[in-house]
Amino acid sequence: MRIEFNGSRDYVTSEIKKLMTDVELIFSKNYIEIKNFDKGYVYNFLPKIENIRGVIRVLMKNDELLPLCYSFKATENINKNIPIIIAGPCVIYSWDDFLETAKELEQLNVYALRTPLFKPRSSPYGWDGYGKEGISRLKEIKKSIRTPFIMEIIDYRLIDSVSEVCDIIQIGARNMRNYALLKEAAKSNKAVLLKREPRSNFREFLYSAEYLLKYSCRNIILCERGDNLSDDVASIDTEMIKKIKKETDIPVIADVSHSAKRRDRVMSFVKKTIKYSDGIMIETSINPDASPIDTKQIVDIDEFKKILKIIR
Ligand code: PEP
Ligand code: MN
């Protein structure tokens, strides 16, 4: 932590010492470097340090702001030695289609199966899934499918019932900053997949991951999903994936469906991201055209098999 100042060094130092005890101060001409401070606690008085007369700004490093993300070790986590391939429909809209898709994907040994019952819709007029009523049917299906289930949760009151059938909780892009939801999802003892909110930056994304770790989630996957620049402009932030891989040990995958937005672009998005990421999320179904949501971006099983050849 570096405090840049002009004016009296003695005054700034004495004010810092009033706020922070037991820290090591290293002095330079225009700044004071502070070592050995309590990283969780510093937030409580950072605004006061910024307010000391003569302080120009306080600079903190990523590992000081995100201590749990930076100390995280994947050995206590998901096996990163196999590509994490999460596949399945955008939404469950027909139990027959879902079951058939699930069986195909199980044959192909995917890491987890998308089982969405709750869809966050941008428009209040959009159909938003079978909801809670679908859980009992999904439980029945789970008896015949070994592949872990992943489901997005949009409301923390659903965590208990969804946890009865799901192995991984998905926090969608819209809820990346829903801190109440992050806390409860973390406490559920389930693995959590966290998607990056469009246009949020590295620190904002990892602050949300820090929430999960602070509230005792030990099984975490991050997911980059592009920036929704407009309805049809495709984007995915490979630099984001690279930075997360370089700076932390948290697994990170690329959602090649919501980023590519069209099925004919999905393959190229796989090629562009798989060399950096730990895997992909991909909307796949036996009958893409029947999906009432995201129809044009879902790939069929044949295309999915071609994609798998590139990854494995
Ligand atoms: C999804 O993966 O089903 C989804 C809604 O994606 P996102 O949260 O990235 O928009
Ligand atoms: Mn979708």
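Each ligand, and each atom within it, is numbered from 1 in the order the structure gives. Numbering starts at 1 and runs along the sequence shown.
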*State whether the shortest distance between N or O atoms of Pro120 and N or O atoms of ligand 1 falls below 3.5 angstrom.*
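Pro120 vs ligand 1: no N/O contact under 3.5 Å.
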_If I apply the N/O under 3.5 Å rule, does Asp255 come out as touching ligand 1?_
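No - when backbone and side-chain N and O of Asp255 are compared with those of ligand 1, no distance drops under 3.5 Å.
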Please write down residue, atom name and distance for the protein heavy atom closest to [atom].
{"atom": "atom 6 (O) of ligand 1", "answer": "Lys195 NZ, 2.9 Å"}
{"atom": "atom 10 (O) of ligand 1", "answer": "Arg225 NH2, 2.8 Å"}
{"atom": "atom 8 (O) of ligand 1", "answer": "Ala173 N, 2.8 Å"}
{"atom": "atom 1 (C) of ligand 1", "answer": "His258 CE1, 3.3 Å"}
{"atom": "atom 5 (C) of ligand 1", "answer": "Glu152 OE1, 3.7 Å"}

_Ser257 versus Gln297, side-chain donor and acceptor atoms under 3.5 Å_ = no
*Taking atom types as modelled, is there a side-chain donor on His258 or Asn228 under 3.5 Å from an acceptor on the other?*
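Note: His258 and Asn228 side chains miss the donor-acceptor criterion.
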*Can you establish whether the number of heavy atoms outside Lys214 located under 6.0 Å from its atom NZ is more than 12?*
no
*Should we count OH of Tyr156 as having more than 12 external heavy atoms under 6.0 Å?*
no
*With sequence neighbours excluded, tell me which residues meet ring pair (Phe, Tyr, Trp, His ring centres under 6.0 Å) with Tyr179.*
Tyr211
*asked:* Phe45: which residues meet the ring pair (Phe, Tyr, Trp, His ring centres under 6.0 Å) condition with it, sequence neighbours left out?
replied: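 Ring pair (Phe, Tyr, Trp, His ring centres under 6.0 Å) list for Phe45, sorted by chain: Tyr41.
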*Could you give me the CA-CA distance, side-chain angles and deciding distance for Glu100 and Asn287, then say whether side chain to side chain contact (heavy atoms under 4.5 Å, CB included) is met?*
CA-CA 10 Å; Glu100 221 177 301; Asn287 191 4; over 6 Å; no
*Without swapping roles, check the side chain of Ser123 against the backbone of Tyr125 for a donor-acceptor pair under 3.5 Å.*
yes
*Glu33 and Leu25: side chain to side chain contact (heavy atoms under 4.5 Å, CB included), yes or no, with the steps?*
CA-CA 6 Å; Glu33 194 82 41; Leu25 302 183; over 6 Å; no
For [X], atoms of ligand 1 separated by under 4.0 Å from a heavy atom:
{"X": "Arg114", "value": "1 (C), 2 (O), 3 (O)"}
{"X": "Gly172", "value": "8 (O)"}
{"X": "Gln170", "value": "1 (C), 2 (O), 3 (O)"}
{"X": "Arg174", "value": "10 (O)"}
{"X": "Lys119", "value": "1 (C), 3 (O), 5 (C)"}

_Pair Lys245-Val252, side chain to side chain contact (heavy atoms under 4.5 Å, CB included): steps then yes or no_ = CA-CA 7 Å; Lys245 295 292 300 170; Val252 54; 3.4 Å; yes
*May I ask you to say whether Arg57 pairs ionically with Glu50, meaning some side-chain N is under 4.0 Å from a carboxylate O?*
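Salt bridge between Arg57 and Glu50, a charged N being under 4.0 Å from a carboxylate O: no.
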_Suppose the cut-off is 2.8 Å; which protein N/O/S atoms would you list for the Mn ion (ligand 2)?_
Cys90 SG, His258 NE2, Glu283 OE2, Asp294 OD2
Check residues 182-196 and write down every donor-acceptor pair under 3.5 Å in which the side-chain atom is one partner and the other belongs to a residue at least two apart or another chain.
unit_1	atom_1	unit_2	atom_2	d
Glu184	OE2	Lys187	NZ	3.2
Ser188	OG	Ala185	O	2.7
Ser188	OG	Lys190	N	3.2
Lys190	NZ	Ser163	O	3.0
Lys190	NZ	Cys166	O	2.8
Lys195	NZ	Asp255	OD2	2.6
Arg196	NE	Glu224	OE1	2.5
Arg196	NH1	Ser200	O	2.7
Arg196	NH1	Asp227	OD1	3.3
Arg196	NH2	Glu224	OE1	3.2
Arg196	NH2	Glu224	OE2	3.2
Arg196	NH2	Asp227	OD1	2.9

